[in-house]
2 protein chains.
Amino acid sequence: MNESAPHICEMCNTRKLSAFSELGKEELSDLSEHKACVFFKKGQIIMHEGSRPTGVYCIHHGKAKFYKLGQEGKEQIIRFAKDGDLLGYRSILSGEAVSVSIAALEDTHACFLPKAMLFEVIENNPKFSLNIMKMACHELGEAGKLITNLAQKSVTERLAEMLLILKETFGEDADGNIDISLTREELASMVGTATESVIRLLSKFKEDELISIKGRKIKVENPVKLARVGNVFD
Amino acid sequence: MNESAPHICEMCNTRKLSAFSELGKEELSDLSEHKACVFFKKGQIIMHEGSRPTGVYCIHHGKAKFYKLGQEGKEQIIRFAKDGDLLGYRSILSGEAVSVSIAALEDTHACFLPKAMLFEVIENNPKFSLNIMKMACHELGEAGKLITNLAQKSVTERLAEMLLILKETFGEDADGNIDISLTREELASMVGTATESVIRLLSKFKEDELISIKGRKIKVENPVKLARVGNVFD
DNA sequence: TTTATATCCTGACAAATGTCATAGTTCTAT
DNA sequence: ATAGAACTATGACATTTGTCAGGATATAAA
């Protein structure tokens, strides 16, 4: 983690995506004074499972994964974060240790906001509080979906759905590939299966012309069919 | 759902367990005036997945399950609720439809609090807001654990752990049995497996003297060994 | 560039789990 | 009390998925 060029909150475009969208002018300049701009290199760990964070990070530009270490240290990816997402607030608000590790998937710029400052904003700004609650509650809904999928769907279905979720979450690059670079092992640790199974299934999806693959670049060629394979309805 | 004998919030012992523990006298009497006492018979559905609740329920006395309908209408139990727990707040706060159905596992008395009233308390009482956030954030942590378990543990391990969680959550009756009555099918829908697998594994656990079984009454005889089978460390 | 390391891929096999069929048992509502 | 429904139990079998081993490629560092 390094200091990085400071952003000014009032002028931050990412802010509009974040829980801080509703703040007034004074609150923003207050924020600007108390925050720190930090930089994480690709692969760097932002938070460690079990630690006590001293504040939260708001992603200015970048991507990160939330993961837990399960059986024998096996990584389980719980969810992703991108521009505007808040990291670490769950732990701070619940008063528990961080339940996940967070690692940068790309070079990531973020703003660090100390715990005390976060609580101050919450106390003084009910709209912000509501935004945070909304966020947490939305994530709870998503977690419920994931739980149901893990418990009831086959590996094939889960992988198909996961590719669609990744596309939805990170969008596409100029060539139409899903705009995130993940190893097969990381894909496996989202879907909850073995790396080999992911490799075999990706080959099969490609053979069936649902996707195309160039190394880690994956392009969804037939979203409708892929959704059908994944038993995705919503 | 029926009207049931009214409780007075000021004198409610269950309240101390709930998010309402921090309210002042006026707020409590205000609450008492706006709430309704309701009764759900065992098996009755309290909320329907996909609906828009008009308020939240606080369980005064009873037990309920949260579940989603997954593949081909198969039930997936996400979590349980007992005395003091708040039902439906996730949907109200996120502004989304309810993502789970909620059904009473026993005859349940609850208090209904209209949406507007909930928001009023949130606006006027930062401590209550913080309680709610804490709740949501805690649940998020629990959901993460469940996700990791579902993705990485075997059916045997998950069932063993689930029995311990149930014991932890609902306690024991006079004979030391886990104080909740669930069908094998419900157990299966928590663990994410087939009913037959649950039946077979329970028989095996019994054979190995980890548990004893009398119909739906299950007693954990050897928690240490059971935890070892479930690979439970925390 | 070259080398070392990590990642990717494939096949063969084993183990875990789900499905189907069938029968016994318990619960529940009349 | 009794019939019908729901639940529990067990066996045989099919399928899915994981594991291990080997080699091919790609990626990153010297």
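Each chain gets a letter, A, B and so on, in the order the sequences are listed, and its residues count up from 1. FYI, side chains are in, hydrogens and waters are out, and symmetry mates aren't considered; it's all heavy atoms of this structure.
We find that CD of B:E72 is positioned 14 Å from P of C:dG18, with the value rounded to whole Å. Taking atom NZ of B:K217 as the reference point, atom P of D:dT8 lies 14 Å away to the nearest angstrom. One can place CD of A:Q71 at 13 Å from P of D:dG18, the figure rounded to the nearest angstrom. If you measure from atom CD1 of B:I213 to atom P of D:dC7, you get 17 Å, rounded to the nearest angstrom.
Dashed line: the shortest gap from a side-chain N or O of B:T183 to OP1 or OP2 of D:dA6 is not under 4.0 Å. Contact between the side-chain N/O atoms of A:R184 and the OP1/OP2 oxygens of C:dC9 is found at a separation under 4.0 Å. Contact annotation: A:S197 does not reach the phosphate of D:dT16 (side-chain N/O to OP1 or OP2, under 4.0 Å).
Map A:E196 and A:G215 each onto its nearest nucleotide of DNA chain D; the residue landing nearer the 5' end is A:E196. The residue among B:K42 and B:G192 whose nearest nucleotide of DNA chain C is located toward the 5' end is B:G192.
No contact: A:T195 has no heavy atom under 4.0 Å from any strand. A:R216 comes within 4.0 angstrom of sugar-phosphate atoms only, judged by non-hydrogen atoms across all strands, and of no base.
Classified by interplanar angle (parallel below 30°, tilted 30° to 60°, perpendicular above 60°), the ring pair A:F40/A:Y57 is perpendicular. Between A:F170 and A:F80, the ring planes are perpendicular. Angles over 60° get that label, and only those under 30° would be called parallel.
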Apply salt bridge (charged side-chain N to carboxylate O under 4.0 Å, His left out) to residues A:E142 and A:K145 and explain how you reach the verdict. CA-CA 5 Å; A:E142 295 298 310; A:K145 274 188 215 165; 3.3 Å; yes
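For A:E185, whose side chain is taken as the heavy atoms from C-beta onward, the closest listed nucleotide among C:dT7, C:dT10, D:dT17 is C:dT7. Of the candidate nucleotides D:dT8, C:dC9, D:dT17, D:dT17 has the atom lying nearest to any side-chain atom of A:V155.
Defined by atom type and a distance below 3.5 Å, a donor-acceptor pair is present between the side-chain atoms of A:S99 and A:R90.
Atom CD1 of B:I8 has 12 or fewer heavy atoms from other residues, nucleotides or ligands within 6.0 Å.
No N or O donor and acceptor, one from the side chain of B:R200 and one from the base of C:dG18, sit under 3.5 Å apart.
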